[in-house]
Number of protein chains: 2
Amino acid sequence: MTVEDKRHLRSILTRQKLLEAAKEVFLQEGFQKATISQMIKKAKVGYGTAYVHFEGKEDLLIVLMEDVMERFYEIAEISFLPKSKHEAEEIIYKQANGFLTMAEAERDMMQVFEQAIGVSSLISDKWKMIREKFIQRISQDVAFTQQNGLARAELNHEIVARGWFFTNEMYLWEIVRNEHQASVEEVAKTITSIYVTGLYI
Amino acid sequence: MTVEDKRHLRSILTRQKLLEAAKEVFLQEGFQKATISQMIKKAKVGYGTAYVHFEGKEDLLIVLMEDVMERFYEIAEISFLPKSKHEAEEIIYKQANGFLTMAEAERDMMQVFEQAIGVSSLISDKWKMIREKFIQRISQDVAFTQQNGLARAELNHEIVARGWFFTNEMYLWEIVRNEHQASVEEVAKTITSIYVTGLYI
DNA sequence: AAAAAATATTGACACAGTGTCATATTCTAT
DNA sequence: ATAGAATATGACACTGTGTCAATATTTTTT
């Protein structure tokens with residue numbers, strides 16, 4: 001635990017070297033083509049060492065993604081108490097825009113992450129947790145505005161919430177893949193406008 | 001070419017045996033865990049033979065999926081010429097419902113397909129083509145109703161179309177994964193209601 | 001009906017990557 | 001200074017892939 005514990009220090013250093021090498025290899029090769037052997041070679045570490053510190057490729061990526069995922073959780077936790085339809089639109093636009101802007105900012109690692117979601121159930125579960133967090137939050141917000149009389153009460157708030165998040169999520173992946181034509185702002189503005197007009201009274 | 005050509009007949013039979021075995025293995029193991037060796041063994045065919053008929057696992061799955069994909073294309077091609085907001089809602093509901101019902105009907109193979117999209121760029125491209133077909137079609141329909149004065153003209157029809165398709169697609173995958181709570185009908189009804197109310201005048 | 005040509009099948013092989021484990025090294029505490 | 005705990009190592013066994021030269025089968029030619 002202490003800094004003078006050289007053994008532990010070396011261990012931390014090895015771990016660090018592996019993480020850095022893994023990041024480089026992931027970014028260069030993508031998740032599937034990346035091999036743990038490449039990472040080990042790049043980290044200048046014995047083969048078995050990698051397996052002492054990490055369970056495999058997937059585990060390495062999860063550790064590398066932890067910061068980014070933390071930030072997703074933070075966005076999901078922003079609270080939401082609008083007093084009018086107009087105010088709702090403003091807040092929702094800001095959230096959607098923040099969400100999509102994040103995709104742009106973290107594009108490189110998110111690209112790797114997207115590939116990994118398709119392959120590793122460990123990583124796919126991580127993303128599912130983030131998604132459910134968002135949906136739960138949105139769902140709650142919709143229910144709140146429905147009780148308030150701001151939103152159409154005849155709609156199932158859970159279904160609405162999922163639908164809304166799904167649009168956002170798919171645009172997120174488009175942006176990550178660099179396939180989007182329009183600017184993030186216009187996308188956020190347009191989808192928010194439809195959603196708010198469709199849901200609120 | 002003729003039926004009495006025994007050589008060709010045998011070849012077709014071998015191909016058939018491989019496809020059937022592949023389907024069984026894919027359904028049982030999922031795309032990633034499925035190995036071409038298992039399929040070969042199950043088909044009772046020499047190892048190299050599989051590579052004569054198919055390029056590999058991905059190729060086999062693409063051939064197996066061709067029917068299903070054809071049906072997606074058909075849904076995408078249904079025409080759309082509403083005279084009123086109400087009529088639009090009816091047509092759009094039917095399309096969404098058809099699209100999601102298809103997911104339910106073909107769940108097993110679609111599950112395999114979903115996994116494969118994450119791994120194989122060949123298959124991912126196939127799905128992208130289906131998606132773009134849908135989006136192009138929806139985009140066209142939105143533009144048409146905007147010119148008609150039925151839909152809000154200030155919104156970018158391409159962005160709207162993508163957003164709407166994305167909600168549908170993500171619900172499709174939820175249904176494929178059996179993760180949906182609500183019935184397909186209620187999902188279709190709810191997302192259509194928000195979309196139509198949000199877009200049409 | 002036998003030889004030659006065309007087509008189809010086969011499995012041994014080389015290769016690439018993974019994860020494990022017995023052993024070696026380094027460090028700490030006594 | 002040495003026992004023993006923590007850490008690192010790479011050879012090895014294993015799984016799966018794709019190729020190819022050899023072989024088998026069917027059709028065509030003579």
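Letters A, B, ... are given to chains in the order of the sequence lines, protein chains preceding strands, and every chain is numbered from 1.
Between the side chains of B/R162 and A/T167, not a single donor N or O lies within less than 3.5 Å of an accepting N or O. A donor-acceptor contact closer than 3.5 angstrom is absent between the side chains of B/S79 and B/R137. Checking A/W127 against A/E169 by side-chain atom types alone, a donor-acceptor pair falls below 3.5 Å.
Atom P of nucleotide D/dG16 and atom CD1 of B/I40 are separated by 12 Å, given to the nearest angstrom. One can place NZ of B/K44 at 20 Å from C1' of C/dA8, the figure rounded to the nearest angstrom. For the pair B/D5 CG and C/dA6 P, the interatomic distance rounds to 15 Å; values are reported in whole Å. Here the C1' atom of nucleotide D/dG18 and the CG atom of B/L60 are 14 Å apart, to the nearest Å. Atom NE2 in A/H53 sits about 8 Å away from atom P in D/dT7, given to the nearest Å. A straight line from NZ of B/K41 to P of D/dT17 spans 13 Å, rounded to a whole angstrom. For the pair A/L13 CG and D/dT7 P, the interatomic distance rounds to 13 Å; values are reported in whole Å. The CG atom of B/D59 sits 14 Å away from the P atom of D/dT17 (whole-angstrom rounding).
Between A/F31 and the choices A/Q111, A/E58, A/E114, the side-chain contact (heavy atoms from CB on, under 4.5 Å) rule is met once, by A/E58. The residue from B/Y93, B/F134, B/W164 that alone fulfils the ring pair (Phe, Tyr, Trp, His ring centres under 6.0 Å) condition with B/F99 is B/F134.
Phosphate proximity of D/dT17 to B/S37: present, with a side-chain N or O under 4.0 Å from OP1 or OP2. For A/T14, no side-chain nitrogen or oxygen approaches OP1 or OP2 of D/dT7 to under 4.0 Å. Between A/T35 and C/dA16, a side-chain N or O to OP1/OP2 separation shorter than 4.0 Å is absent. Distances shorter than 4.0 Å separate none of the side-chain N or O atoms of B/H8 from OP1 or OP2 on C/dA6.
The base of D/dT26 lies close enough to the side chain of B/R7 for a donor and an acceptor atom to sit less than 3.5 Å apart.
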Distances under 3.5 Å between nitrogen or oxygen atoms of protein and nucleotides 19-24 of chain D:
none

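Comparing D/dT26, D/dT17, D/dT7 by their closest approach to the side chain of B/K6 singles out D/dT26.
Both tests do not hold together for A/K133 against A/Y73: distance to the six-membered ring centre under 6.0 Å, angle to the ring axis within 45°.
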Go through the steps to decide whether A/I12 and A/H8 satisfy the test side chain to side chain contact (heavy atoms under 4.5 Å, CB included), and finish with yes or no.
CA-CA 6 Å; A/I12 287 175; A/H8 190 212; 3.9 Å; yes
